[in-house]
Amino acid sequence: MNNEELFKKIISHSKEYGFIFPSSEIYDGLSAVYDYGQLGSELKNNIRSYWWKSMVQMHDNIVGIDTAIFMHPTTWKASGHVDAFNDPMIDNKDSKKRYRADVLIEDYMAKIEDKIDKEVEKAAKRFGETFDAKMYRETNPRVMEYQQKIDYARTQMVKTLEENDLAGVKSLIEELAIVCPVSGSRNWTEVRQFNLMFSTQMGSVAEGADVVYLRPETAQGIFVNFLNVLKSGRMKIPFGIAQTGKAFRNEIVARQFIFRMREFEQMEMQFFVKPGEEMEWFKYWKDQRQKWHRSLGIPDSKYRFHDHDKLAHYANAATDIEFEFPFGFKELEGIHSRTDFDLMAHQKLSGKKLQYFDPETNENYVPYVIETSIGLDRMFLAILTQAFEEQILEDGSVRTVLHIPPILAPIKVAVLPLVKKDGFPEKAKEILDTLKMDFNCQYDEKDAIGRRYRRQDAIGTPYCITIDNQTLEDNTVTIRERDSMKQERVDIDSISSIITSNLRNNIYRA
RNA sequence: GCGGUAGUAGCUCAGUUGGUAGAGCAUUAGCUUCCCAAGCUAAGGGUCGUGGGUUCGAAUCCCAUUUACCGCUCCA
């Protein structure tokens, strides 16, 4: 089975068993938006909760918060999102290349600038020491003509961009006869604004309502609460703030099932450290996050660590943890050393001091930040991908089984009376009632026992409890393990503690 | 966003030169069954992605649209 077939099977399986549905499917769905079903939401909750406990509960210097999706618009100026994601773009129809329209015009101006420089250089050689470059620029007719072109282009560009006149930008590009550097053609599309942030209005009255954005990342909710948490939580550096939540991006191409969605959930932790110590902590978190992934029993071969050579404007070190999805190695988690970029920017725009007083050195400073940021939906897909198997048994039959790590499994225990009579169902429900306090359980009495085991395999239930004749005699049941299909006879009273200790096997410890 | 392919029941699919839809599995109810699916009986479920058009008649032909997958492009 190749990867493409595998991926299709995983998508079908997800829908068939209630893990993931296309959003608003009865209306044909909405592009790149998905809903989590009855089992999917359990799995997703479990992944989130496992991450949260690993961060907040297992580290005594990390606390969790939950900030709003709406934030003050200035937040996104400080973070750089407003500038970075409001660019007018234009495509060349022949080369299929996309450019920032303003960059094309600036390149055009730079080219003419080069010509002027060459003219001036030539003249300088010609006139020798008496040459006055400034004078030459102001008087030479050819240079003046070039300069006029530049000035015109700049004036028009600034004017059209300021007025948000996209058609004007396009006609300027046409007027200046700018060609595509790749195809050399002037066959351009319309200029379009690609705003990667979703916006909406705050206030129910349309006029006078303020435009606010749906956050494109959760990190800023942590930065703007840095002071609040620092003061109210009596935090001492180094310390971390964790958060999970939805973020929204208007992706140009959103594809590959739940890998790239327009609405997605992040699990982020920002760790505040003393400037100068960031590389040490960067390394620490790289190790810790690897450990976390390993604790879920996914083999190392499925992971790849990719250090960034080209760093984003805010970072001085960055690593991606990539996972081998059916469509190749793709980013699952990022660990970034963000320096003091964000806190500094917020400090500047808000006018509030976002600083830490270090009692050891009696100094105030803006802390540096190490960020770990993982996509919850991507982790979900990674778990599902890794778990899915169509196993060929000794008798040649096929069983579809999800080897979900037990701690994350949507249903932990299925309780099954061997047959639907002789008081078996009653006994089974009695056991079910004691187990469902501690575990998410399922009861099933329909069809042959083997088929019921297979149904539980297909949704990744790690344990099946079966009630048989002997149960009624001596209060023992069989407990069947999903991966090995092995059964063991145990006392009813010990079921809960056996399962609990199995679930705790191999879990993450800092 | 561009190009290619596709959309028929919950899933996988069949449906002839246009004559108003079928199978297997799944689901539900019952029977049988003392441990690893595909025994028996019965039932429910689809205006064939959506909207137009051509036609006496469209799942089938044409157009538009939408969704998914693949390639290109983009990705803080």
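Numbered from 1 within each chain, the chains take letters A, B, ... in sequence-line order.
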Length of the line joining [X]:[atom1] and [N]:[atom2], which is rounded to integer Å:
| X | N | atom1 | atom2 | value |
| --- | --- | --- | --- | --- |
| A:Glu371 | B:A76 | CD | P | 13 Å |
| A:Ile449 | B:U32 | CD1 | P | 17 Å |
| A:Lys15 | B:A68 | NZ | P | 13 Å |
| A:Glu445 | B:U28 | CD | P | 11 Å |
| A:Tyr34 | B:U67 | OH | P | 11 Å |
| A:Glu25 | B:C11 | CD | C1' | 12 Å |
| A:Arg452 | B:C36 | CZ | P | 12 Å |
| A:Asn250 | B:G1 | CG | C1' | 13 Å |

Looking at [Y], I'd like to know if the NZ or CZ of [X] sits under 6.0 Å from its six-membered ring centre while staying within 45 degrees of the ring's axis.
| X | Y | value |
| --- | --- | --- |
| A:Arg48 | A:Trp51 | no |
| A:Arg378 | A:Phe259 | yes |
| A:Lys330 | A:Phe325 | no |

Which nucleotide in the set [options] lies at the smallest distance from any side-chain heavy atom of [X]?
| X | options | result |
| --- | --- | --- |
| A:Phe7 | B:C35, B:A37, B:C70 | B:C70 |
| A:Arg454 | B:C35, B:A76, B:C36 | B:C36 |
| A:Thr478 | B:C11, B:G30, B:C35 | B:C35 |

Determine, using ring centers only, whether A:Phe19 and A:Tyr17 are less than 6.0 Å apart.
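Between A:Phe19 and A:Tyr17, which both carry aromatic rings, the centre distance is not below 6.0 Å.
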A:His346 and A:Gln220: side-chain donor and acceptor closer than 3.5 Å?
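Note: A:His346 and A:Gln220 side chains meet the donor-acceptor criterion.
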With sequence neighbours left out, write down each residue that passes side chain to side chain contact (heavy atoms under 4.5 Å, CB included) with A:Thr400, or none if nothing qualifies.
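If we apply the side chain to side chain contact (heavy atoms under 4.5 Å, CB included) test to A:Thr400, skipping adjacent residues, the hits are A:His13, A:Phe388, A:Glu390.
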Of residues 422-435 of chain A, the positions that come close to RNA chain B - non-hydrogen atoms, cut-off under 4.0 Å:
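Close to the strand are A:Phe424.
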Taking [M] as the reference, what is the distance to [N] when you measure between their [atom1] atoms (whole Å, please)?
| N | M | atom1 | answer |
| --- | --- | --- | --- |
| B:A23 | B:G44 | P | 13 Å |
| B:U27 | B:A38 | P | 12 Å |
| B:U67 | B:G49 | P | 16 Å |
| B:U17 | B:G3 | C1' | 33 Å |
| B:C69 | B:C31 | C1' | 45 Å |
| B:U54 | B:A42 | C1' | 44 Å |
| B:C62 | B:U41 | P | 44 Å |
| B:U28 | B:A9 | C1' | 15 Å |

Scan [X] against the nucleic acid and name what it touches under 4.0 Å (heavy atoms): base, sugar-phosphate only, or nothing.
| X | value |
| --- | --- |
| A:Phe257 | sugar-phosphate |
| A:Gln487 | base |
| A:Lys421 | sugar-phosphate |
| A:Thr466 | base |

Salt bridge (charged side-chain N to carboxylate O under 4.0 Å, His left out): which pairs involve residues 14-32 of chain A, sequence neighbours left out?
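Those involving residues 14-32 of chain A are A:Lys15-A:Glu25.
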Is a salt bridge present between [X] and [Y], judged by a nitrogen-to-oxygen distance below 4.0 Å?
| X | Y | value |
| --- | --- | --- |
| A:Lys170 | A:Glu174 | yes |
| A:Arg489 | A:Asp468 | yes |
| A:Glu430 | A:Lys427 | yes |
| A:Arg399 | A:Asp457 | yes |

Quick check for you: to the nearest 0.5 Å, what is the distance between A:Ile404 atom CD1 and A:Thr461 atom OG1?
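Here the interatomic distance stands at 8.0 Å.
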Gap separating the CE atom of A:Met55 from the CH2 atom of A:Trp292, nearest 0.5 angstrom
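Rounded to the nearest 0.5 Å, the CE-CH2 separation comes to 8.5 Å.
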[X] side-chain N/O to [N] phosphate OP1/OP2 under 4.0 Å:
| X | N | result |
| --- | --- | --- |
| A:Lys446 | B:U28 | no |
| A:Ser79 | B:A76 | no |
| A:Ser31 | B:U66 | no |

Which atoms of nucleotides 49-51 of chain B (N or O only) lie under 3.5 Å from a protein N or O atom, and what are those distances?
{"residue": "B:G49", "atom": "O2'", "partner": "A:Asp28", "partner atom": "OD1", "Å": "3.1"}
{"residue": "B:G49", "atom": "N2", "partner": "A:Asp28", "partner atom": "OD2", "Å": "3.2"}
{"residue": "B:G49", "atom": "N3", "partner": "A:Asp28", "partner atom": "OD2", "Å": "3.2"}

I'd like a list of close polar pairs between nucleotides 24-26 of chain B and the protein, N/O only, cut-off under 3.5 Å.
{"residue": "B:A26", "atom": "OP1", "partner": "A:Arg451", "partner atom": "NH1", "Å": "2.9"}

Set of residues satisfying side-chain hydrogen bond (donor to acceptor under 3.5 Å, both in side chains) with respect to A:Tyr34, sequence neighbours excluded:
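Scan of A:Tyr34 (side-chain hydrogen bond (donor to acceptor under 3.5 Å, both in side chains), adjacent residues dropped) gives none.
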